[in-house]
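The block underneath contains the structure these notes are about, expressed in structure tokens.
Position 1 is the first residue of the sequence, and the numbers go up from there.
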Amino acid sequence: RVLGTEANAKYSVVLVWITALRSAFSAGSAVLAPRMVMMESTGQTGQLTRLSLLNARLQGAAASAVMGTMCGLAPWLFAVWLRKPWTAEVVPIAWVLLAALTVEACAMPFGAIMVAESRMRQVSLATAVIGVFGAITGWFLASQTSLGMLGIAIAVGLTVLVRHGLFASA
């Protein structure tokens, strides 16, 4: 079942970790955002490019290290934390969402450039369209296959990959 207290509990325990990690990486990328906006406004595109790529690489390396460790230790972390018989069902959901968060963390530093270039209208419209795609994909994978909540996690991962793939090519 996709709906219900047990399914929601399985997804929510993973979401707690994802939300905490996303907040940490968002704060990390926000440190240089004012500097990047200033560089964009003064036309320092060469320095902006170098700084944003360095920021993305550092953020990506940190995210990969943290997410890789979390993925490797997920079975034990959830077993100790939850002490529930369905811990094994939660681990694949965590793997998919952590992989998607790694991609998202690498792209976070580029958000300041989008704001500085006033490209938020296109970003907002594309995000809305991709969100509809993600909702339909999540519904299909969760209800029409035997994946259940893992299907929703896969849909979230696909949505993140498509969204950041589009914006990285723009």
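- In terms of heavy atoms, Ala30 sits closest to Pro34 at O-CD, 3.4 Å.
- Transitive grouping of hydrophobic side chains (ILVMFWY, heavy atoms separated by less than 4.5 Å) brings Val91 and Leu101 into a common cluster.
- Rounded to the nearest 0.5 angstrom, Arg57 CZ and Cys106 SG are separated by 11.0 Å.
- Remark: Met38 CE to Gln47 CD distance equals 8.0 Å, nearest 0.5 Å.
- For Gln59, the side-chain contact (heavy atoms from CB on, under 4.5 Å) criterion is met by Phe25, Ser29, Asn55, Ala105, Met108, Pro109, not counting sequence neighbours.
- The minimum heavy-atom distance between Leu147 and Leu141, with the atom names listed, is CB-O, 3.7 Å.
- When every heavy atom of Ile93 is checked against every heavy atom of Ala153, the shortest pair comes out as CG2-CB, 4.0 Å.
- The structure places OG of Ser64 at 11.5 Å from CG of Leu98, a figure rounded to the nearest 0.5 Å.
- Once rounded to the nearest 0.5 Å, the distance linking CD of Glu40 with OG1 of Thr49 reads 9.0 Å.
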message: Between Glu89 and Met149, is the side-chain contact (heavy atoms from CB on, under 4.5 Å) condition met? List the steps.
response: CA-CA 9 Å; Glu89 297 174 40; Met149 293 307 280; over 6 Å; no
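- Trp81 and Trp17 have their aromatic ring centers within a separation under 6.0 angstrom.
- Each of Ile154, Val156, Ile152 was compared with Leu97 under the side chain to side chain contact (heavy atoms under 4.5 Å, CB included) criterion, and only Val156 meets it.
- Grouped with Ile136 in one hydrophobic cluster are Val132, the linkage being side-chain heavy-atom contacts under 4.5 Å among Ile, Leu, Val, Met, Phe, Trp and Tyr residues.
- Val103 has its side chain within reach of Leu161: a pair of non-hydrogen atoms, C-beta onward, lies under 4.5 Å apart.
- Under the 3.5 Å distance criterion, the side-chain polar atoms of Ser26 are left unmatched by any main-chain donor or acceptor of Ser23.
- Minimum heavy-atom separation, Leu21 to Met67: CD1-SD, 3.9 Å.
- Taken together through direct or relayed side-chain contacts under 4.5 Å among Ile, Leu, Val, Met, Phe, Trp and Tyr, Met70 and Tyr11 form part of one hydrophobic cluster.
- Using a 4.5 Å cut-off between side-chain heavy atoms of Ile, Leu, Val, Met, Phe, Trp and Tyr, with links allowed through other members, Leu53 and Leu48 fall into the same hydrophobic cluster.
- Cluster membership for Val16 and Trp95, using ILVMFWY side-chain heavy atoms within less than 4.5 angstrom, is shared.
- Under the 4.5 Å side-chain heavy-atom criterion for grouping Ile, Leu, Val, Met, Phe, Trp and Tyr, Val13 is connected to Leu73 within one hydrophobic cluster.
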